[in-house]
There are 2 protein chains.
Amino acid sequence: MTSTRTELAIKAGYLFQQRGYHGVGLSEILESAGVPKGSLYHHYPNGKADLALAAAEIAATEVLRIIDASFDEAATYRDGVTTYCYKLAKYFDIHEGKIGCPVSATLLGGPDNAVFRETLSTIYSRWMDRLAEHAVRFGQSAAQADHNARRLFLSLEGSWTLARARGDSNVIRELPSLVC
Amino acid sequence: MTSTRTELAIKAGYLFQQRGYHGVGLSEILESAGVPKGSLYHHYPNGKADLALAAAEIAATEVLRIIDASFDEAATYRDGVTTYCYKLAKYFDIHEGKIGCPVSATLLGGPDNAVFRETLSTIYSRWMDRLAEHAVRFGQSAAQADHNARRLFLSLEGSWTLARARGDSNVIRELPSLVC
DNA sequence: CCTATAATAGACCGGTCGGTCTATTTGACA
DNA sequence: TGTCAAATAGACCGACCGGTCTATTATAGG
């Protein structure tokens, strides 16, 4: 049983990812999580902004988990990339093509606050660093690893956007052949 | 002198790109354009949604213009890509890092309407097709050209996002060395 | 069991949202 | 110049926004 606090952040996260920070009202979040307004402001005293940051943190960590799960069992770097993309494509389909990058709509769409931007920047760096670590583990030089990690990250961000526009997860599945 | 109709779409476009469809109110758009509400609904009877579609169309056409301007004077495909990225980085700086992809925030952030998604999909295809045309002009095979166009497009979408998160246009300038 | 705090519950608030409507001004053409 | 549609102007509307506040219910520690 997940706590009310976590449940709120997870449900809010899905909604923010679909319609952006400003596109989702508190009433919709509360209804989705089955939680009254009093509880929201008990767990997140700063309200919607706190909730969005918490939601992004949870989603970002989940992506790290998916990266590890993809590369830990891979035979080569390329295998890891392929598994990673397939997992993300499946995730995309599960959410009916309404969700792209799990954090950009939540944070970039939010108040043009320095905290939001820096949080997003940090999350992106964590993802790229983790990808680079796996690349190094497969024998790449630090420079090669950074280069490939950024390449994969940037293309993936684009793929999430194009996949949403087209409503087609294959955009994500075709990514390995484009970047490797 | 641009018409009131066009002026409205342009100003609305800038705002939508910065804060997303739901993040901008009509009052802010009207103030920015110096136009009363009556005029908005005279020129765009369906209001905000009409305005967003018109804004995206204008921005999308401007991108095509930049693509042509970059590649028409280029000596090689690679040169064209470099000029293109530098022009976009400059555009990014002019708008103080608040604007990334000129259409995604407007259309993906909007109502999860089929028209919005299809419009975005069409715009993206137009961009990639145009890039591919220039690649062919520089001697690439149709298959190569499509491959490179998609690669550039996807990475660019990612670069716009990362550049906004970091507040750093160099992300965009470094793109040619990453995709060529 | 009693008590104090955490957590839930939701009524309520001022402000802003997108949109409608009527009135006035402008400008092209007869 | 007279006419009429195009365009401008903004008051006004109900709905919903994020946030505050008080009251009630669970729950953990003594």
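Residue numbers start from 1 in every chain, and the chains themselves are labelled A, B, ... in the order their sequence lines are given, proteins ahead of strands. The figures that follow rest on heavy atoms only: side chains count, while hydrogens, waters and symmetry mates do not.
For A/Phe71, the ring-ring contact (aromatic ring centres under 6.0 Å, His included) test picks out A/Tyr77, A/His134, with sequence neighbours left out.
In this structure, CZ of B/Arg19 is placed 11 Å from P of C/dC17, rounded to the nearest angstrom. Distance B/Leu26 CG to C/dG15 P: 20 Å, rounded to the nearest Å. Remark: P of C/dC12 and OH of A/Tyr41 are 18 Å apart, rounded to the nearest angstrom. Here the C1' atom of nucleotide C/dG18 and the CZ atom of B/Phe16 are 11 Å apart, to the nearest Å. Between B/Glu28 atom CD and C/dG15 atom P the separation is 19 Å, expressed in whole Å.
Taking the six-membered ring where tryptophan is involved, the planes of A/Phe16 and A/Tyr21 are essentially parallel, since the angle between them stays under 30° and well short of 60°.
A salt bridge does not link A/Glu133 with A/Arg137: none of the charged nitrogens is closer than 4.0 Å to a carboxylate oxygen. Electrostatic pairing of B/Asp112 and A/Arg164 does not count as a salt bridge here, judged by no charged N lying under 4.0 Å from a carboxylate O.
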Stepwise, does the side-chain hydrogen bond (donor to acceptor under 3.5 Å, both in side chains) test hold for B/Thr122 with B/Arg126? CA-CA 6 Å; B/Thr122 301; B/Arg126 284 212 306 261; over 6 Å; no
Evaluate side-chain hydrogen bond (donor to acceptor under 3.5 Å, both in side chains) for A/Ser169 paired with A/Arg173, printing each intermediate quantity in order. CA-CA 7 Å; A/Ser169 61; A/Arg173 287 194 190 84; 2.8 Å; yes
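Of the candidates A/Leu88, A/Thr83, A/Thr82, A/Thr83 is the only one forming a side chain to side chain contact (heavy atoms under 4.5 Å, CB included) with A/Ser70.
Residue-environment remark: CD (B/Gln144) exceeds the threshold of 12 foreign heavy atoms within 6.0 Å.
Close to C/dC17, at under 4.0 Å from its OP1 or OP2, lies a side-chain N or O of B/Ser27.
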Interface polar pairs with nucleotides 4-7 of chain C, N/O, under 3.5 angstrom:
| from | atom 1 | to | atom 2 | distance (Å) |
| --- | --- | --- | --- | --- |
| C/dA7 | OP2 | A/His42 | NE2 | 2.6 |
| C/dA7 | O5' | A/His42 | NE2 | 3.3 |

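Contacts of B/Lys37 with the nucleic acid, taken as non-hydrogen atoms under 4.0 Å apart, include base atoms. At the heavy-atom level, A/Gly25 lies under 4.0 Å from the strands shown only through sugar-phosphate atoms.
Side chain of A/Gln140 to backbone of A/Val136: no donor-acceptor contact under 3.5 angstrom is found.
Where DNA chain D meets chain B (any atom under 4.0 Å from a heavy atom), the bounding nucleotides read 5' to 3' are D/dA6 to D/dA11.
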